[in-house]
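Each chain gets a letter, A, B and so on, in the order the sequences are listed, and its residues count up from 1. No hydrogens, no waters, no symmetry mates; every other heavy atom, side chains included, goes into these values.
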Number of protein chains: 2
Amino acid sequence: MADAFSGTAPQLIDVARRAGVSASTASKALNAKADVNPATRQRVESAARELGYVPNAIARGLTGGRTGTVGVLTSDLEGRFALPILMGVEDALGIDRVLTFLCDARGDEAREKRLVDELVSRRVDGIIVVGKQTDPRPPIGRNLPVPVIYAYCMSDDPADLSISVDNAQAGFVAAQHLVDSGRSKIAHISGEAPHSASQRRTEGVQKLLANRGLELVQPPMYGDWSEGWGRAAAAILVQSGKEFDAILCGSDQIARGVLDSLLERGIAVPSDVAVMGIDNWVVLAENSRPALSTVDLQLQKLGRVAATRLFEASNGSKAAGVEYLPGSIVIRDSTIPRL
Amino acid sequence: MADAFSGTAPQLIDVARRAGVSASTASKALNAKADVNPATRQRVESAARELGYVPNAIARGLTGGRTGTVGVLTSDLEGRFALPILMGVEDALGIDRVLTFLCDARGDEAREKRLVDELVSRRVDGIIVVGKQTDPRPPIGRNLPVPVIYAYCMSDDPADLSISVDNAQAGFVAAQHLVDSGRSKIAHISGEAPHSASQRRTEGVQKLLANRGLELVQPPMYGDWSEGWGRAAAAILVQSGKEFDAILCGSDQIARGVLDSLLERGIAVPSDVAVMGIDNWVVLAENSRPALSTVDLQLQKLGRVAATRLFEASNGSKAAGVEYLPGSIVIRDSTIPRL
DNA sequence: CTGAAAGCGCTTACAG
DNA sequence: CTGAAAGCGCTTACAG
């Protein structure tokens with residue numbers, strides 16, 4: 001392949017001339033439109049290849065069609081949720097050669113507004129808003145000239161479409177796995193009580209237990225989403241003297257703290273007590289001792305679905321409401337010892 | 001503020017008409033060019049505000065000037081290095097209202113080439129390549145029509161400009177901190193031997209020790225950048241019977257494994273042995289027991305510097321070679337107990 | 001200091 | 001099936 005960029009980049013007209021056709025015909029040929037003689041199309045394609053022609057997406061975007069760009073507006077780049085979602089978005093968009101503007105509002109509303117303006121100014125084909133919590137949030141704007149999809153978080157405007165995680169189902173399947181593997185005295189340690197993630201997960205846990213005629217050995221313990229809280233809560237639980245054979249944690253970070261705390265107290269996992277997390281934060285889960293069983297929230301898939309829905313919306317779909325994606329169990333050693 | 005987008009978005013010509021001037025004058029006024037009557041400028045600015053005018057960046061980009069976009073090409077979105085660098089880039093670019101295309105090549109060369117084409121096609125003002133290792137890598141292309149800066153990794157073409165981490169300095173200051181706080185029998189456990197990060201960090205450690213008339217209690221131990229290796233290496237070290245009062249680890253992950261291993265063996269940190277990491281991966285370092293002293297590699301700053309250099313390059317700077325950024329010590333409890 | 005005109009590099013009706 | 005012309009929404013010499 002010849003170097004496309006020594007000197008000035010070749011333009012459509014250069015390709016057209018080389019193929020002996022007009023610019024309009026070259027354009028149609030290159031864009032796989034109908035009504036072009038196959039032989040002509042071939043000549044144009046060859047010419048483009050020979051010249052190393054790369055179309056100017058800016059000029060193309062001006063014509064009014066798609067710009068082939070999408071904005072991802074996040075408030076949680078530092079957290080661990082945005083990244084897998086972003087990768088899923090890229091997976092889905094890459095197929096159509098769409099590129100992603102990544103904008104981090106850093107939790108600043110004014111900054112978010114400015115970034116929305118910047119995105120609109122660049123005529124993105126759509127915006128995906130990635131929140132740091134599953135709780136509802138105000139929409140980024142009304143009557144925006146581009147479709148908007150909320151991912152992970154959800155918009156509190158029922159006219160918007162949001163794709164989120166099914167927290168209740170995550171809690172449900174986590175509890176199911178514990179009960180199915182023979183546990184019946186389950187304690188539940190979770191994160192910040194006001195978060196819908198805490199509440200919904202607990203609901204799911206309790207629903208499964210009720211289905212099986214069981215209940216938690218004591219009320220759920222809420223704190224924050226940290227290892228420190230996991231350690232503290234486990235210590236409190238052990239000292240309470242309550243009997244338990246499993247701890248279902250609201251997150252992997254909490255679970256890791258719980259594991260360390262149990263280890264320190266000489267309580268064997270999983271033989272004495274099974275421990276389960278939620279998130280499948282791999283670097284944490286795999287390096288726990290023992291490795292942590294957990295629920296994968298399928299965030300990358302969430303990103304792919306969000307991108308797909310955005311594409312559908314830009315094609316006129318008027319879907320609204322919240323679409324919940326189920327998580328799936330990942331079994332490691334903290335619930336079932338490896339053979 | 002009126003809703004800018006009910007109906008069709010206002011254009012420059014709408015602003016011009018409302019202000020009673022021509023489009024060219026409106027353009028000059030809005031872009032803070034010279035030679036516009038202050039009163040006229042004011043009228044145009046008011047009109048724009050009243051209409052909620054957001055300029056069409058696509059049209060502006062076509063004119064030939066800047067597009068106000070930059071590409072960040074990474075191969076390591078999953079890793080923990082890309083993210084802080086990305087945030088730094090955004091910090092620096094946001095000031096000039098430049099937006100970032102985030103492209104993850106996923107370590108695939110063909111994909112990387114395609115993404116470079118996509119970026120060029122969108123006429124980005126520059127590209128920042130963020131590598132997953134500090135080792136040299138081949139350039140993403142030759143004679144690209146836009147400036148390119150390498151961040152974290154470096155290009156093996158001496159004509160390119162790369163901004164990287166000063167690994168030798170990081171090792172040096174880590175060792176300095178240990179020696180300054182009274183340690184003299186230092187062991188060194190690091191990551192993959194072939195990585196320049198391992199090699200340079202070790203060199204820095206040895207240089208500081210030599211300056212102080214000391215040497216490592218045994219040859220450096222290399223493995224991989226994981227907690228598992230940290231645990232294994234610490235076990236080997238303890239069982240060797242070698243005396244030591246500090247372990248300098250090549251990364252925070254390794255250090256965390258080391259800490260867990262020492263804890264398990266009843267060796268007190270920091271009273272018996274001080275432990276030090278490198279990276280300042282906060283979620284890991286703060287949740288270690290005790291909290292981990294380490295070296296912050298200043299990745300966010302690295303991102304800011306890369307963006308600044310890109311801006312300079314697009315203004316004609318011909319800077320080349322590698323610019324190394326120093327790390328800085330973060331003292332927590334694993335080397336000095338808190339009072 | 002202001003405005004008419006040309007142009008950025010494409011795509012899209014429209015006519016042939 | 002092909003091409004001349006207009007247009008996308010701006011900016012930039014250039015003339016006044």
Checking T25(B), L30(B), N31(B) against S27(B) for side-chain contact (heavy atoms from CB on, under 4.5 Å), the one that qualifies is N31(B)
Can you tell if the side chain of V70(B) reaches within under 4.5 Å of the side chain of F101(B), non-hydrogen atoms only? no
If a stem is a run of at least 3 consecutive Watson-Crick or G-U pairs, both distances under 3.5 Å, which stems include DNA chain D? C:1-3 with D:14-16, C:5-12 with D:5-12, C:14-16 with D:1-3
Between P on dT2(D) and CZ on R17(A), what's the gap in Å once rounded to a whole number? 19 Å
Among residues at least two apart in sequence or on other chains, which ones pass salt bridge (Lys or Arg N to Asp or Glu O under 4.0 Å) with D96(A)? none
Answer whether the closest heavy-atom distance between the side chains of R309(B) and I163(B) falls below 4.5 Å. yes
Can you confirm whether N56(A) sits close enough to R123(B) that some side-chain heavy atom of one is under 4.5 Å from a side-chain heavy atom of the other? yes
Between S314(A) and D125(A), does a side-chain hydrogen bond (donor to acceptor under 3.5 Å, both in side chains) hold up when you go through it step by step? CA-CA 7 Å; S314(A) 74; D125(A) 300 327; over 6 Å; no
Without decimals, in angstroms, what is the distance between D35(B) CG and dT2(C) P? 9 Å
For each nucleotide in nucleotides 9-16 of chain D, reading 5' to 3', give B when a protein heavy atom comes within less than 4.0 Å of its base, S when such contact involves only the sugar-phosphate, and - otherwise. BBBBB---
For the side chain of R66(B) and the backbone of R60(B), is there at least one donor-acceptor N/O pair under 3.5 Å apart? no
One should read off an interatomic distance between S75(B) OG and Y152(B) OH, to the nearest 0.5 angstrom, of 11.0 Å
